[in-house]
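Below is one structure, written out as structure tokens; the observations come after it.
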Amino acid sequence: MSGGLPPEIEVTADGPIRVVTLNRPDRLNATNHALHAGLGALFPLLDADDGARAVVLTGAGRAFSAGGDFTYIDALTKDDDLRRQTLVDARSIVTGMVGCRLPIVAAVNGPAVGLGCSLVALSDIVYMAESAHLADPHVMVGLVAADGGPVTWPLLTSLQLAKEYALTGERIPARRAAEIGLANHVCADDEVLPAAMACARKLAAMPRRALEDTKRVLNLHLERAVLATLDFALAAEDRSFLSPELRVTLDKQLSKGSDAG
């Protein structure tokens, strides 16, 4: 199943399981426009794949996704059309994952930062490598976090903890993530993908209609939260791309040659 997806997203079939790999390993799978737009198109394609029964989502190389590519973020501050399309894609990612009929199992093989952290938060079952961590540093760099942690974390952990990690951007190590409900399982680094695949095979063997409808019942809670917050969140993120604080962060990071954050 390609469906015009960019090379930054690799989809392979293992029987009824679709393994989705974020594929920019030389940039720690940091989000650029092609990757972001591809994720916006991905989940309807998976939904339409009649042979698919479960999805495993992981990253190539050492990271799950190490955040946004600073050159991409810089372009978003200067190009209104690109920013507008990116926000449309952001909505599609969130609603696509929430509405996807297939169970999505995240195999978090390394750092999951920014959008990577959002993808984990929107997954159905999460396996994390011991060395991995979550972080949503949007606020730290001057952006509003519109598409992940602040939308979903209050349903997964306490509102107080959601506020702490969303407002400070602090790293959440794998063990801590599991303790507070942001991950299901922590595995040795070399076991995270096999464990996620084993879970996906178990899910794929379940009665199809019962599994998919039960996921839908559960995700109706998440959908209500998304619909209640997403319009404001995306409008606020749009405004924040023009903030002076973000400009200072970008100038500093680009002068150092940093790619992601």
Side-chain angles (χ1 to χ4, degrees), residues 1-6 8-23 35 37-60 64-65 89-109 112 115-129 147-148 151-153 155-156 177-178 181-187 191-227 230:
M1 181 202 72
S2 63
L5 292 174
E8 288 86 352
I9 299 175
E10 181 180 272
V11 182
T12 57
D14 185 334
I17 300 166
R18 301 298 177 259
V19 182
V20 177
T21 304
L22 308 179
N23 191 35
L35 177 56
L39 286 167
L42 173 65
F43 295 98
L45 293 173
L46 292 169
D47 255 343
D49 183 351
D50 193 57
R53 299 289 301 281
V55 177
V56 171
L57 179 60
T58 193
F64 184 79
S65 177
D89 292 334
R91 174 183 292 277
S92 296
I93 293 168
V94 175
T95 59
M97 290 190 74
V98 171
C100 184
R101 66 177 178 85
L102 304 170
I104 301 168
V105 183
V108 186
N109 55 304
L115 180 63
C117 185
S118 299
L119 295 174
V120 173
L122 290 162
S123 296
D124 299 307
I125 299 176
V126 177
Y127 287 78
M128 289 187 69
D147 56 4
V151 174
T152 60
W153 281 350
L155 291 178
L156 305 176
L182 300 183
N184 299 81
H185 305 280
V186 178
C187 309
E191 294 176 3
V192 66
L193 183 57
M197 290 295 295
C199 176
R201 291 189 186 98
K202 182 177 181 180
L203 293 170
M206 297 287 184
R208 178 173 183 167
R209 179 54 59 196
L211 180 77
E212 293 179 5
D213 284 353
T214 298
K215 172 181 170 172
R216 180 66 182 148
V217 169
L218 290 164
N219 267 19
L220 283 172
H221 299 283
L222 183 56
E223 185 175 274
R224 290 191 185 99
V226 166
L227 293 177
L230 195 57

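In what follows, residues are counted from 1 in the order of the sequence shown. Predicted, not measured: the structure shown is a model, and the values here were computed from it.
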For Ala41 versus Leu5, what's the shortest heavy-atom pair and its separation?
CB-CD2, 4.5 Å
Does anything in residues 51-60 pair up under salt bridge (charged side-chain N to carboxylate O under 4.0 Å, His left out), and if so which pairs, sequence neighbours excluded?
none
Indicate the atoms forming the closest heavy-atom contact of Asn109 with Thr58, along with that distance.
OD1-OG1, 3.3 Å
Compare all side-chain heavy atoms of Asp14 with those of Arg201 and state whether any distance is below 4.5 angstrom.
yes
Say whether, by atom type as modelled, one donor and one acceptor occur between the side chain of Asn184 and the main chain of Tyr127 under 3.5 angstrom.
no
Distance from Leu42 atom CG to Asp47 atom CG, nearest 0.5 Å?
10.0 Å
Should Pro103 and Ile125 count as side-chain neighbours, where that means a heavy-atom distance under 4.5 Å?
no
Could you list the residues that satisfy side chain to side chain contact (heavy atoms under 4.5 Å, CB included) with Leu155, not counting sequence neighbours?
Leu222, Ala225
Straight-line distance of Leu220 CG to Lys215 NZ, nearest 0.5 Å:
11.5 Å
Separation between CG (Asp124) and CG (Leu203), nearest 0.5 Å, reads 8.5 Å
Is the closest side-chain heavy-atom distance between Val20 and Val55 below 4.5 Å?
yes
Looking at Arg18 and Gly15, would you say the former's side chain and the latter's main chain have a donor-acceptor pair under 3.5 Å?
yes
Between CD1 on residue Ile93 and OG on residue Ser118, distance to nearest 0.5 Å:
8.5 Å
Under the side-chain contact (heavy atoms from CB on, under 4.5 Å) criterion, do His185 and Glu191 qualify, and how do the steps go?
CA-CA 11 Å; His185 305 280; Glu191 294 176 3; over 6 Å; no
Heavy-atom closest contact (Leu57 atom, Phe64 atom, distance):
O-CE1, 3.5 Å
Can you give me the closest heavy-atom contact between Val120 and Val108, atom names plus distance?
CG2-CG2, 3.6 Å
Any Leu230 side-chain heavy atom under 4.5 Å of Thr95 side chain:
yes
Minimum-distance pair of heavy atoms, taken over all atoms of Arg101 and Asp50
NH2-CA, 4.0 Å
I want to check something: taking the side chain as every heavy atom from C-beta on, are Thr12 and Thr21 in contact at a cut-off of under 4.5 Å?
no
Give, for atom CE of Met97 and atom CG of Leu102, the distance between the pair rounded to the nearest 0.5 Å.
11.5 Å
Could you go through Thr152 and Val94, starting from their C-alpha distance and side-chain angles, then the distance that decides it, and tell me whether this counts as side-chain contact (heavy atoms from CB on, under 4.5 Å)?
CA-CA 10 Å; Thr152 60; Val94 175; over 6 Å; no
Using 0.5 Å steps for rounding, measure from the CD atom of Glu8 to the CG atom of Leu39.
10.0 Å
Check whether any side-chain heavy atom of Leu119 lies under 4.5 Å from a side-chain heavy atom of Leu22, and answer yes or no.
yes
Could you check if a side-chain atom of Met206 sits within less than 4.5 angstrom of a side-chain atom of Glu212, using non-hydrogen atoms only?
no
Ignoring hydrogens, what is the shortest heavy-atom contact between Ala112 and Cys117? Give both atom names and the distance.
O-CB, 3.4 Å
Can you confirm whether Leu122 sits close enough to Asp147 that some side-chain heavy atom of one is under 4.5 Å from a side-chain heavy atom of the other?
no
